[in-house]
Student: 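Once you've had a glance at the structure underneath, I'll fire off some questions.
Excluded from the calculations below are hydrogen atoms, water molecules and symmetry mates; all remaining heavy atoms, backbone and side chain alike, are included. The structure displayed is predicted, hence computed values, not measured ones. Convention: sequence-line order gives letters A, B, ...; per-chain numbering from 1.
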Amino acid sequence: MKITLKGNQREFEKGISALDMAGQISQDLKKKALVAKVNGEKVIELWQPIKEDCEIEFLTFEDEEGRRAYRHTASHVLAQAVKNLYPKAKLAIGPAIENGFYYDFDMEEAFTPQALQAIEKEIGRILKKNDKLEKFELPRKEAIQLMEEKGEPYKVELIQDLPEDAVISLYKQGDFVDLCAGPHLGSTGKVKAMKLTQVAGAYWRGNEKNKMLQRIYGTAFDSKEALDAHLEAIEDAKRRDHNKIGRELEYFTTVDTIGQGLPILLPKGARVIQLLQRFVEDEEQKRGYLLTKTPLMAKRDLYRISGHWDHYRDGMFILGDADDETKECFALRPMTCPFQYQVFLNRMRSYRDLPMRLGETSTLFRNEDSGEMHGLIRVRQFTISEGHLVLRPDQLEEEFKGCLELARFMLQAVGLEDDCTYRFSQWDPNNTKKYEGTPEQWEEAQNLMGSILEKLDVKHTIGIDEAAFYGPKLDIQIKNVHGKEDTLITIQIDMLLAEKFGMEYVDADGQKRRPYIIHRTSLGCYERTLALMLEKFAGAMPLWLAPTQVEVMTITDRANDWADEVASTMSMAGFRVDTDKRNEKIGFKIREAQMDKIPYMVVLGDKECEDKMVAVRDRKGNNLGVMGLDALMELLHEEVDTRAIK
RNA sequence: GCCAAUAUAGCUCAGUCGGUAGAGCAGCAGUUUCGUAAACUGCAGGUCAAGGGUUCGAAUCCCUUUAUUGGCUCCA
């Protein structure tokens, strides 16, 4: 039988197992191979016999699919350990995920940290025992019967959802049996290093109406060293957590009596956001945007027109009794659209008025569920660089491109561009309750956006059921230090609200036409952007955004006057300067300045005083030498210019 | 909203079996005026998140609420 391996053909005895095949190629491969891929499609276990000519690729821990099989087997080991220690625990599902795996259990008793330790010990025993994994298949009925006997109602439910004629595959290791499609490693001992990382609640089948199960997260690596390196990397990432350093460095804080998701921006945080806002507003002005300022709340009547009252009411803060129609009822705005559209509606518009690009630094309020808040990333009140472009159909593509270019320009300016991915967020035709409009309208808008994305060659993933209730979105996604993904920037084609609000323009032929609308943000919401920048730079903001750019310190009182002069000259020149003239614990102050991530430190003593010079150090503690004040300011100007706009 | 953990001085954290609160750093006052990672002396600082309960007695045990954290579900 002829087997193709990495492009080379080789002869093997018919019916040989993949593992033996690997062994004949090299002992090293036999050791490293985890599973095998047949004809570039199906991934099989190594114990399976190869019966005909085909192409085989051996997958190791280096391969994504190899790692998945490895961690999937690890999740079975976890389930086995839990069943050994808690026979009453019911098994749900346990897949491999990015960087690890989890398994969901239904159990009365909560998994405590001590319990987790005991489970890890049991896992160690199972790995040592090195049971072979065996695959067997049962007809649907028998599979259900087996799982009923074993008292696994969730498994029964899973099988029942499979097609009538499906042959169900199960895996057995020792006396532990699990419903599973595989593929798996040959034996439990193949898993070299496993660690349980955390316990969490998770709804059965991801539906909040279902019972909440207990999920144990874990990870597995092909060596103890790799596992330790991974755990250390996670710890390292957490040290950059904006929610920790943002509070430590006094960018923001929260107060119990103000409430969840309502952070206080301290002077540093407020300053950075002000700088970002100015940057965005100035850039938008250059690109032909008109500035608007619209109210933060409106009567429920407005939201009835826009559809928010039907589709977004739970997300809104309502002032007054929503159900009492005899009284006025207001709601804080969760989005700017229906407000900013009024600018267009102010008078009859001509086709010559289009494109009309409206921009606003807009504060929004969303009544997020109490468990959703996270530092500055997920809050209940936030300010976003919001905007709407009212367009003729022939302008849509060009303007969409303009929005994308603006977004990329902004991301580059703040240094986050390389960390972002693109997602084309579409509606779910099976979940029409959530959305306004007809399937035809959705089809049209999505096709339009799809073809623009193709034309602009934007690499993207597709997100089904991720659209806004009024239209599809291009979401620019970014991950925080915990690996959780959030939308930083969004560009949306909104075809429904224009209709609802009766927006029209008079075309060249004198006919009234419905405009297209692009709903977009330049830099997303400022709180979130600040959070991700803090994480990206570990608190060391680039000079153009640093709340304090220069700290002036004296080491003797004789330098105080000169320090004042330096500080005031630099302030007048537009730099953000802090002075500290306590001239004591200078080493401490320098360390503190570095901790606070202050880009430049100026140290003044008798010598500098006499020569009217400044001794300069950068944030890494490098001594840049003694220079004139003009030279320092020149240096700073250059850095600001290069960082802000590349 | 759901599952779990946590909440002690400005910060980081001790506080045993239930016996009424402790350290380091920061702060303040004085001394020191010194050249690069915490100078010396002293002082002050706490309804132990809030409320209720059990108890002779609660930071400690129980309940409720609030906030914080990690997930789930949602979402910028």
Student: With salt bridge (charged side-chain N to carboxylate O under 4.0 Å, His left out) as the test, would you mind laying out the steps for A:Glu284 and A:Arg357 before giving the verdict?
Tutor: CA-CA 9 Å; A:Glu284 288 182 348; A:Arg357 307 184 190 95; over 6 Å; no

Student: Whole-Å distance between B:rG1 C1' and A:His374 NE2?
Tutor: 19 Å

Student: At less than 3.5 Å, do the side-chain atoms of A:Arg617 and the base atoms of B:rU36 form a donor-acceptor pair?
Tutor: yes

Student: Output the rounded distance in Å from CD1 (A:Ile555) to P (B:rA39).
Tutor: 15 Å

Student: Roughly how many Å is it from CG in A:Leu116 to P in B:rA5, rounded to a whole number?
Tutor: 12 Å

Student: Between A:Glu386 and A:Thr336, is any side-chain donor less than 3.5 angstrom from a side-chain acceptor?
Tutor: yes

Student: Just label B:rU47 as syn or anti from its O4'-C1'-N9-C4 or O4'-C1'-N1-C2 angle, using within 90° of 0 for syn.
Tutor: syn

Student: In whole Å, measure the gap between the P atoms of B:rU55 and B:rU12 for me.
Tutor: 37 Å

Student: Do A:Glu360 and A:Thr294 have side-chain N/O donor and acceptor atoms under 3.5 Å apart?
Tutor: yes

Student: Can you tell me whether the side chain of A:Arg378 and the base of B:rC74 have a donor-acceptor pair closer than 3.5 Å?
Tutor: yes

Student: Base of B:rG35, side chain of A:Glu608 - is there a donor-acceptor contact under 3.5 Å?
Tutor: yes

Student: To the nearest Å, how far apart are A:Asp104 CG and B:rG71 C1'?
Tutor: 11 Å

Student: Using a 4.0 Å heavy-atom cut-off, does A:Ile377 contact any base of the nucleic acid, only the sugar-phosphate backbone, or nothing at all?
Tutor: base

Student: Does A:Arg558 or A:Glu466 map to a spot on RNA chain B nearer the 5' end, using the closest nucleotide for each?
Tutor: A:Arg558

Student: Nearest whole Å is fine: how far is B:rC72 P from A:Ile97 CD1?
Tutor: 8 Å

Student: Does a distance-only test, which skips hydrogens and angles, find a donor-acceptor pair under 3.5 Å between the side chain of A:Gln260 and the base of B:rU66?
Tutor: no

Student: Specify whether A:His308 and A:Tyr303 have parallel, tilted or perpendicular ring planes, treating 30° as the upper limit for parallel and 60° as the lower limit for perpendicular.
Tutor: perpendicular

Student: Hey, which sits more toward the 5' end of RNA chain B by its nearest nucleotide, A:Thr490 or A:Val199?
Tutor: A:Val199

Student: Take atom CZ of A:Arg215 and atom P of B:rG71, then tell me their distance rounded to the nearest Å.
Tutor: 12 Å

Student: Ignoring backbone atoms, test whether A:Tyr312 places a side-chain nitrogen or oxygen under 4.0 Å from the OP1 or OP2 oxygen of B:rC75.
Tutor: no

Student: For a quick check under 3.5 Å, do A:Gln340 and A:Thr292 share a side-chain donor-acceptor pair by atom type?
Tutor: yes

Student: Taking only the C1' atom of each, what is the distance from B:rA58 to B:rU47 in whole angstrom?
Tutor: 13 Å

Student: What's the base orientation of B:rU20: syn (chi within 90° of 0) or anti?
Tutor: syn

Student: In whole angstroms, how far is the P atom of B:rC3 from the CG atom of A:Asn207?
Tutor: 15 Å

Student: Does any nucleotide pair with B:rU41 by Watson-Crick or G-U wobble geometry, both distances under 3.5 Å, and what is it?
Tutor: B:rA29

Student: When the distance from CD1 of A:Ile264 to C1' of B:rA67 is rounded to whole Å, what number comes out?
Tutor: 13 Å

Student: Could you identify the nucleotide paired to B:rG22, looking across every strand shown and requiring Watson-Crick or G-U wobble geometry with both distances under 3.5 Å?
Tutor: B:rC13

Student: Determine the interatomic distance between P on B:rC74 and the same-named atom on B:rU60; round to the nearest Å.
Tutor: 39 Å

Student: Examine the side chains of A:Tyr435 and A:Asp465 and answer whether a donor and an acceptor come within less than 3.5 Å of each other.
Tutor: yes

